[in-house]
Amino acid sequence: MRSDGIGVHVDLDSVGDEVVKAADSFFASRSRIRPDEPAVAAAEAVATVRLAGALGLLAADAGEEFGGGGGEPAYAGLIAEAAGRHLVHPLVLHQLGCVAYLSATTGNESLCREFALGNKTGMLVWHRAPATTASVPGAVVAADYALFHVQHEGMAVVPAADFTIEMSTEPWRSPLEAHATITIPPATDRCVDAESADHALAVTGALVALYSVGAARRLMTDTVEYALSRRQFGAPIGSFQAIKHALANADIAIGHARALAFGSLAASRDGGHDVEQDMGLAKVAAHKATTAAAETCLQVYGGLGFTWESDVHIYLKMFTALGQWPMPSTLQSAALWHSLCAAQPTKLGD
Amino acid sequence: MTETQGVVSREEARSVVRDVCAAIDWQPRDLFDPRGRASEAVQRAFYLGAHERGWGVPAWPSRYGGSDRTFNDQAIFHEEAIRFGAPAQYNRVALGIVGPALLEFGSTEQKDRFLPAIANGSEVWCQGFSEPDAGSDLGSLRTRAAPTADGADEWIISGQKTWTTLAHTADWCFLLARTGTREMAHRGITALLVPMDQPGVTVRPIRQLTGESDFNEVFFDEARAQAPAELGPVNGGWPVAMRALEYERSLHFLERQLRLEALARRLVLMTSGVDDGSSWAAVLEVVADCAGLRYAVRDFLGRVAAGERPGTEINGTKVLWSETYRALTRLGLCVAAAAGDDAELAGWSEAYYGSLAATIYGGTNEIQRDIIAERGLGLIRTR
């Protein structure tokens with residue numbers, strides 16, 4: 001990352017390049033999601049997380065005491081984006097998130113190292129009282145722990161033996177991102193305070209955004225290729241303005257969501273409420289951009305896009321599911337954000 | 001976003017902005033205050049005050065009236081001026097488009113003649129590109145320029161331009177004219193520097209749907225331009241024009257992005273007063289788009305400062321900015337109407353109607369999408 005006076009110009013340094021190469025090389029070697037074999041997909045997801053830990057891909061940004069490489073926060077984003085690009089199971093997002101939570105405060109170093117190395121696997125679960133269950137996009141039964149983020153209270157680590165999980169099997173949900181309904185265990189000790197947990201939640205918002213952006217870019221590449229080869233009226237459909245403009249719109253929205261997610265994650269090194277908000281907004285922008293892009297790609301494929309055989313539904317269901325990833329509390333209602341904005345004059349730019 | 005520092009500190013830039021505003025007795029106004037817009041005379045006064053302090057065209061060479069500062073310094077000063085609520089940029093075509101084009105393509109004689117007069121605020125410029133039958137299809141323009149028959153080093157120009165900002169006050173026009181055959185299309189166009197104060201030039205304001213007249217029609221009837229009138233080679237005006245449009249997308253976008261975020265903040269504050277939960281999701285999406293634009297514009301400016309020429313991302317930023325501007329102001333209008341707040345409703349209505357030009361000017365969004373689809377995504381060119 002390079003600072004250029006007028007703002008933050010995010011630019012990969014040589015270490016960042018190496019991170020991308022390593023992540024791309026590893027994730028490309030893993031199986032893409034198998035929509036018809038959820039059990040196999042879940043087992044592969046766990047194996048992917050364990051191997052990613054061994055390769056140092058789960059905590060490139062965390063401090064050494066947490067088992068990390070001490071790199072830029074943006075490195076975790078590059079890894080999440082590469083995971084999306086190769087359509088690996090979003091359990092890896094949960095694992096990156098677990099490291100973000102556990103490294104947010106001191107006191108969790110030894111447990112965090114286990115997650116960073118892939119020795120333990122975990123899922124992030126958000127709990128808003130008075131609900132007694134929670135829906136978790138990207139969950140798998142085989143995870144060793146659930147990290148419960150209880151709104152306004154903080155985060156607690158719960159081993160698998162202490163919670164129950166039921167996977168949904170409805171065909172309209174993608175097995176790729178199978179939802180789990182987790183029964184909330186009794187209150188347990190919080191090992192991350194509320195403020196640090198909110199920061200970690202914001203970080204995971206940017207990671208989810210980059211994972212989605214990586215996947216959406218992959219879908220766009222495949223769709224452009226299809227539009228160049230599919231012929232109607234004697235010409236490739238990729239020569240028709242209606243198709244070109246629809247795909248351009250998708251590209252614009254994805255590009256700006258990426259700029260926001262990556263830029264805010266890079267800037268999070270220096271902290272600040274505005275950056276936390278931006279990371280949360282990145283999730284909002286990415287959800288809107290990627291679901292719209294998937295709808296556009298489905299339309300470009302025509303009837304083929306509506307089939308189970310096509311990959312489009314895998315992407316679309318995943319983007320839809322990841323939209324449920326929660327936002328930092330300040331973005332949850334206008335009234336909450338108002339308290340932050342009200343301190344500032346409404347004159348232009350301030 | 002974390003604020004970073006260039007060579008000039010932000011405090012120093014703010015201090016200059018405050019000093020100049022105080023010197024010209026300008027108080028920053030509320031966003032929707034109808035008195036908030038500075039007249040051209042006030043814009044000029046602010047510009048001259050900044051110029052006296054070395055901040056008119058800080059990144060230009062001192063030989064031409066600048067201060068030999070960096071692009072970053074210029075951008076930081078510009079940003080602080082906007083944030084403070086200083087009057088809008090004076091002579092923006094000259095400072096944002098013509099000046100940079102002269103610096104890149106002008107001869108020594110042209111630079112010496114024109115740049116100091118732009119820097120000291122004594123000459124205003126307009127840009128004559130669009131024509132009634134050559135808007136998005138700019139390469140088909142028909143305004144004709146031909147050398148005089150007597151061999152004098154002079155061009156005779158006839159034709160019509162339209163949507164010409166500042167033509168009613170301009171001393172000079174940065175004009176695109178056909179000097180080759182129509183078949184040569186964009187390869188038969190020359191960029192000419194044409195004086196506006198002459199018998200062959202007629203300017204007619206165009207009244208917009210907002211009731212204002214920011215644009216004009218300009219008629220050239222055997223108007224004359226004396227050497228050195230060509231900017232770049234004869235029949236080589238197209239690359240000069242395209243590059244000039246890139247300058248326009250540089251610092252202008254910073255101002256647009258900051259104004260949009262100010263509107264977004266206004267919308268959030270208003271929504272919080274009437275929030276029933278249903279409006280918030282829509283507001284949040286627009287606010288997220290504004291934040292995306294902020295990072296994209298900063299990234300773009302950082303690349304420009306580093307001497308890079310970014311790709312089609314900026315075309316996408318123009319589309320997203322203009323469409324977010326429209327969506328945001330429309331949403332503001334709806335929320336204000338629901339709240340029954342007449343003063344807010346008036347402000348948002350004016351902002352909404354004003355936003356409708358943004359998807360058209362500076363290259364229509366359709367042209368931007370063509371560019372992204374063809375150059376960015378690799379789809380097939382069909383025009």
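In the text below, chain A, chain B and the rest are named by the order of the sequence lines, each starting its count at 1.
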(request) Answer yes when Asp61(A) and Arg269(A) have at least one side-chain N-carboxylate O distance shorter than 4.0 Å, and no when they do not. (result) no
(message) Under 4.5 Å from any heavy atom of chain A, what part of Thr317(B) do you find: side chain, backbone, both or neither?
(response) both
(request) Check side chain to side chain contact (heavy atoms under 4.5 Å, CB included) between Glu81(A) and all other residues, then give those that pass, not counting sequence neighbours. (result) Leu78(A), Arg85(A), Leu210(A), Val213(A), Arg258(A)
(message) Tell me if the CD atom of Gln299(A) is crowded by more than 12 foreign heavy atoms within 6.0 Å.
(response) no
(request) Please determine if Glu225(A) and Arg218(A) form a salt bridge, counting it only when a charged side-chain N lies under 4.0 Å from a carboxylate O. (result) no
(message) If I measure from the heavy atoms of chain A, does Glu261(B) come under 4.5 Å with its side chain, its backbone, both, or neither?
(response) neither
(message) Counting heavy-atom pairs under 4.5 Å with chain B, which one of Gly280(A), Gly255(A), Ser264(A) comes out on top?
(response) Ser264(A)
(request) Identify which part of Glu323(B) has an atom lying under 4.5 Å from any heavy atom of chain A, answering side chain, backbone, both or neither. (result) neither
(request) Determine, for Arg381(B) against Asp370(B), whether the closest basic-nitrogen to carboxylate-oxygen distance falls under 4.0 angstrom. (result) no
(request) Let me know if Val319(B) has heavy atoms under 4.5 Å from chain A in its side chain, its backbone, both or neither. (result) side chain
(request) With a 4.5 Å cut-off on heavy-atom pairs, point out which of Ser239(A), Ala285(A), Ala253(A), Ala227(A) contacts chain B the most. (result) Ser239(A)
